[in-house]
Undergrad: 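Before I ask anything, here is the structure I am working with.
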Amino acid sequence: MEELNELLQQRRKKLEDLKTSGIDPYPNKFTVTASSADIRKQYGHLTPGSEDKTCSLVVAGRIMTMRLMGKACFAHIKDAAGRIQIYVKKDVIGEQEYEVFKTLDMGDIIGVKGSVFCTRTGEITLHVDQVTLLSKALRPLPEKWHGLTDIETRYRQRYVDLIANDEVAGIFRLRSKVIKTMREYLDSRNFLEVETPMMQSIPGGAAAKPFCTHHNALDIDLFLRIAPELYLKRLIVGGLERVYEVNRNFRNEGISTRHNPEFTMIELYQAYADYNQVLELCREMITLVVKECLGKLETEYNGNIIQFDGDWKRLTLIGAIKEYAEVDFSVPKTLEETKKIASDLQVEFDPNTSHNKIISCIFEQCVEKKLIQPTFICDYPVELSPLAKNSKSNPEMVERFELFIGGQELANAYSELNDPIEQRKRMEQQLKEREKGDEEAQLMDEDFIRALEYGMPPTGGLGIGIDRLVIILTNSPSIRDVILFPQMRPENV
RNA sequence: GGGCCGGUAGCUCAGCUGGUAGAGCACUGCCCUUUUAAGGCAGGUGUCGCGAGUUCGAAUCUCGCCCGGCUCACCA
């Protein structure tokens, strides 16, 4: 327990005084009949100076400001819907009640009953005839004018951030609406929402380092999932045909403005579809989300106006490199030539790596950040996509696309590999990569192969990074601004 | 993990060519019945992130550590 400073001691003293005078500072329940927004909306017609004495409404919220003027007081209280001004007069609520009211602090949560009037300056205000303390606050609120700006405190004590900075709740309401809209879209198209294991004995479905944990009763190591992909595809084998999961993924990697160790994706799989149909679904769903959440099809992100209407640009991986890095890989190159090109472009790469991986490095370092408007990049080398199906026209390539917006990868999709023998070969190849030192190469999952052996229909799959989509829609500088409790080093409280 | 920047009152910040800590808001007391960053008068704020060192003297200079931000690397 920390030593209490003067401000905290004062609040505790007030708490004791309230108890002594028979007032319960933490009552069990309170019946509210209106929200701040209800009142502002319902009585918005009142003209300055006029009052509707016939109504009697009950609102509850946190005291955010107080302007005490002797025998009367204006204050603002904040509820989930916003803020509303209240006006408390001694001769209306009674002398004793007013004495108690005067001792209340900013941050206390109160319930108030009264009628509605409009002040001289035109603000809809509740004319209070009864005040009930609902929760005594023992800590002072951040300053009313600057609010809470310290980034560390905002992330560590999100509750204070939400109290002090009104716009923060809006980001998380929007985030919720993004997911809700996606659910509605998919549900209406006969997708089934499912839940698959968070703890997996073989972490698969992505190239990433997992978190490890241990199950005591089974005495086995388990891994927090890096992706639900292999489980969702087992469900396609099982005949569910259209499934999706709003999924938390865990990756034991660096933390940055674009990376949190746990992050949210939506993954969906549609039987009898290929990546072209999934591309159309992806575009349609994101367009709907943007429209529902922003009310328009454009938004400013990081200094650029991003347009979501119309057709989205579609390039091949090689085509995009040609357009943005001005290197043409459509004519075959030797490994040495490729390395030379990468070096000339000042692209960093592992000197022992392959042709395709260097191409991928060139794309990531020279092209990705230039893809501001929604752009689909299609057709990736097999080597980089161990779970995707080969292109019929070019077996070296797979039917895969990634979506880029605002210079970031937002979605990844492919025609799912459903040939169990080919899948086994690919996983064996991944194991070799792993032996060569690639910690992120995928593992053999015998049960997944067995599932494919029962027969998986041709299937298109898609994953969309929810956090990144919300970053773009809210023009947030960091992923931590769109995750309520981003990962931080523990503090000593 | 590397580089750069930061941590001073509850909050937002100033003080940093070394001389023993300040403002606004918040808080306490008094006045004030349509204010809205309400106003007026009076008052107390503190391990200056932590620990060493240099010095007569350190918030200030040096070193180490902790926490955070940005950025690079890894990645979605």
Side-chain angles (χ1 to χ4, degrees), chain A residues 2-11 13-14 48-49 51 64-76 83 85-93 98 102-103 105-107 117-123 125 127 137-157 160 163-165 205-209 226-227 249-265 267 348-350 360-361 364-365 368 402-404 408-412 438-440 463-469 471 477-480 486 488-492:
Chain A
E2 68 189 292
E3 237 177 87
L4 296 181
N5 71 27
E6 189 189 347
L7 292 172
L8 300 191
Q9 284 176 21
Q10 279 167 3
R11 296 268 181 137
K13 170 75 164 51
K14 285 184 178 181
E51 176 157 9
M64 300 303 290
T65 62
M66 279 182 107
R67 293 171 292 284
L68 186 69
M69 298 168 298
K71 298 181 184 66
C73 179
F74 281 97
H76 278 96
R83 297 184 187 218
Q85 181 167 258
I86 63 172
Y87 184 46
V88 181
K89 280 202 288 191
K90 184 175 182 173
D91 55 11
V92 174
I93 70 164
Y98 195 74
K102 281 205 292 188
T103 71
D105 291 299
M106 283 190 276
F117 76 109
C118 186
T119 64
R120 279 181 203 156
T121 50
E123 181 162 356
T125 302
H127 203 145
L138 297 182
R139 287 176 184 269
L141 248 34
E143 196 213 357
K144 63 187 169 192
W145 190 239
H146 299 92
L148 177 69
T149 63
D150 183 77
I151 288 180
E152 182 171 353
T153 311
R154 288 188 51 221
Y155 296 154
R156 286 195 194 277
Q157 296 177 250
V160 183
I163 294 167
N165 298 318
K209 291 177 206 118
I226 54 175
N249 289 345
F250 306 87
R251 298 189 185 174
N252 205 342
E253 289 157 357
I255 295 177
S256 76
T257 47
R258 281 169 196 75
H259 301 266
N260 195 64
E262 49 182 306
F263 64 101
T264 303
M265 300 212 337
E267 278 199 24
E348 290 181 25
F349 60 92
D350 175 357
S360 172
C361 287
E364 283 165 15
Q365 294 175 45
E368 205 174 300
E402 293 186 309
L403 171 64
F404 293 83
Q408 296 180 53
E409 184 188 341
L410 222 81
N412 181 19
D438 183 352
E439 283 182 80
E440 296 182 354
I464 300 174
I466 301 288
D467 311 274
R468 288 187 176 175
L469 181 57
I471 286 173
S478 169
I479 196 169
R480 296 179 204 102
M488 305 282 276
R489 267 207 170 78
E491 63 170 338
N492 295 316

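Letters A, B, ... are given to chains in the order of the sequence lines, protein chains preceding strands, and every chain is numbered from 1.
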Undergrad: Students often get this wrong, so: under 4.0 angstrom with heavy atoms, is A:Asp438 touching a base, only sugar-phosphate, or nothing?
TA: nothing
Undergrad: Going by the angle between their ring planes, with limits at 30° and 60°, are A:Phe117 and A:His127 parallel, tilted or perpendicular?
TA: tilted
Undergrad: Starting from P on B:C74, measure out to CD on A:Glu364 and report it in whole angstrom.
TA: 8 Å
Undergrad: Taking the minimum atom-to-atom distance to the side chain of A:Lys144, which one of B:U33, B:A38, B:C27 wins?
TA: B:A38
Undergrad: Roughly how far, to the nearest 0.5 Å, is the CG atom of A:Asn260 from the CG atom of A:Asn249?
TA: 12.0 Å
Undergrad: Given atom CD1 of A:Ile226 and atom C1' of B:C74, what is their separation to the nearest angstrom?
TA: 14 Å
Undergrad: Under 3.5 Å, is there any donor-acceptor pair linking the side chain of A:Glu6 to the base of B:U28?
TA: no
Undergrad: Are any of A:Thr257's side-chain N or O atoms less than 4.0 Å away from OP1 or OP2 of B:U71?
TA: yes
Undergrad: Starting at atom OH of A:Tyr87, determine the distance to atom P of B:A38, rounded to an integer number of angstrom.
TA: 16 Å
Undergrad: Could you work out which one of B:C27, B:U33, B:A76 sits closest to the side chain of A:Glu409?
TA: B:A76
Undergrad: Has A:Arg489 got a side-chain N or O lying under 4.0 Å from the OP1 or OP2 atom of B:C66?
TA: no
Undergrad: Enter the distance from A:Glu409:CD to A:Arg258:CZ here, rounded to the nearest 0.5 Å.
TA: 13.0 Å
Undergrad: What integer distance in Å separates A:His146:NE2 from B:U12:C1'?
TA: 5 Å
Undergrad: For A:Gly147, answer base if it contacts any base atom (sugar-phosphate contacts may also be present), sugar-phosphate if it contacts only those atoms, and nothing otherwise; contact means non-hydrogen atoms under 4.0 Å.
TA: sugar-phosphate
Undergrad: Nearest to the side chain of A:Arg120, heavy atoms from C-beta on, is which of B:C74, B:C67, B:U35?
TA: B:U35
Undergrad: Could you work out, with side-chain contact (heavy atoms from CB on, under 4.5 Å) as the rule, every residue matching A:Glu364, not counting sequence neighbours?
TA: A:Ser360, A:Glu368
Undergrad: Just call it for A:Asp150: base, sugar-phosphate, or nothing, with non-hydrogen atoms closer than 4.0 Å on any strand.
TA: sugar-phosphate
Undergrad: Just compare B:G10, B:G69, B:U34 and give me whichever is closest to any side-chain atom of A:Arg480.
TA: B:G69
Undergrad: Calculate, to the nearest 0.5 Å, the distance between atoms CG and CE belonging to A:Leu469 and A:Met265 respectively.
TA: 12.5 Å
Undergrad: Test side-chain contact (heavy atoms from CB on, under 4.5 Å) on A:Thr119 and A:Phe74; report intermediate values, then the result.
TA: CA-CA 11 Å; A:Thr119 64; A:Phe74 281 97; 4.1 Å; yes
Undergrad: Using only side-chain N and O atoms of A:Lys89, determine if any of them is under 4.0 Å from OP1 or OP2 of B:U34.
TA: no
Undergrad: Using a heavy-atom cut-off of 4.0 Å across all strands, would you classify A:Gly254 as base, sugar-phosphate, or nothing?
TA: base
Undergrad: Using whole Å, report how far CG of A:Leu68 lies from C1' of B:C27.
TA: 14 Å
Undergrad: Can you work out whether A:Leu410 or A:Thr119 has the more 5'-proximal nearest nucleotide on RNA chain B?
TA: A:Thr119
Undergrad: Can you tell which of B:C74, B:G68, B:C13 lies closest to the side chain of A:Thr149?
TA: B:C13
Undergrad: Rounded to whole Å, how long is the line connecting atom CD1 of A:Ile255 with atom P of B:U71?
TA: 15 Å
Undergrad: To the nearest 0.5 Å, what is the distance between CD (A:Glu152) and CD (A:Gln157)?
TA: 9.5 Å
Undergrad: Out of B:A37, B:U33, B:C74, which has the shortest distance to the side chain of A:Trp145?
TA: B:A37
Undergrad: Is the phosphate of B:C70, meaning OP1 or OP2, less than 4.0 Å from a side-chain N or O of A:Arg258?
TA: no
Undergrad: For B:C74, does either OP1 or OP2 sit under 4.0 Å from a side-chain N or O belonging to A:Arg251?
TA: no
Undergrad: Rounded to the nearest angstrom, tell me the gap between atom CZ in A:Phe74 and atom C1' in B:U34.
TA: 4 Å
Undergrad: What contact category does A:Met106 fall into here, base, sugar-phosphate, or nothing, at under 4.0 angstrom with non-hydrogen atoms?
TA: sugar-phosphate
Undergrad: So which nucleotide from B:U12, B:U34, B:G68 ends up closest to the side chain of A:Glu143?
TA: B:U12
Undergrad: Would you indicate what A:Gln408 reaches in the nucleic acid, counting non-hydrogen atoms under 4.0 angstrom: base, sugar-phosphate, or nothing?
TA: nothing
Undergrad: Looking at A:Arg67, I'd like to know whether one of its side-chain N or O atoms comes within less than 4.0 Å of OP1 or OP2 on B:A38.
TA: yes
Undergrad: Roughly, in whole Å, what's the span from CE in A:Met66 to P in B:U28?
TA: 10 Å
Undergrad: For A:Arg156 and B:G68, is the shortest distance between a side-chain N/O and OP1 or OP2 below 4.0 Å?
TA: yes
Undergrad: Among B:A26, B:U12, B:G69, find the nucleotide with the atom closest to the side chain of A:Leu148.
TA: B:U12
Undergrad: How would you label the contact of A:Lys14 with the nucleic acid (heavy atoms, under 4.0 Å): base, sugar-phosphate, or nothing?
TA: sugar-phosphate
Undergrad: Could you please name the option among B:C70, B:C74, B:G10 that lies closest to any side-chain atom of A:Asn5?
TA: B:G10
Undergrad: So which nucleotide from B:A76, B:C27, B:U35 ends up closest to the side chain of A:Leu7?
TA: B:C27
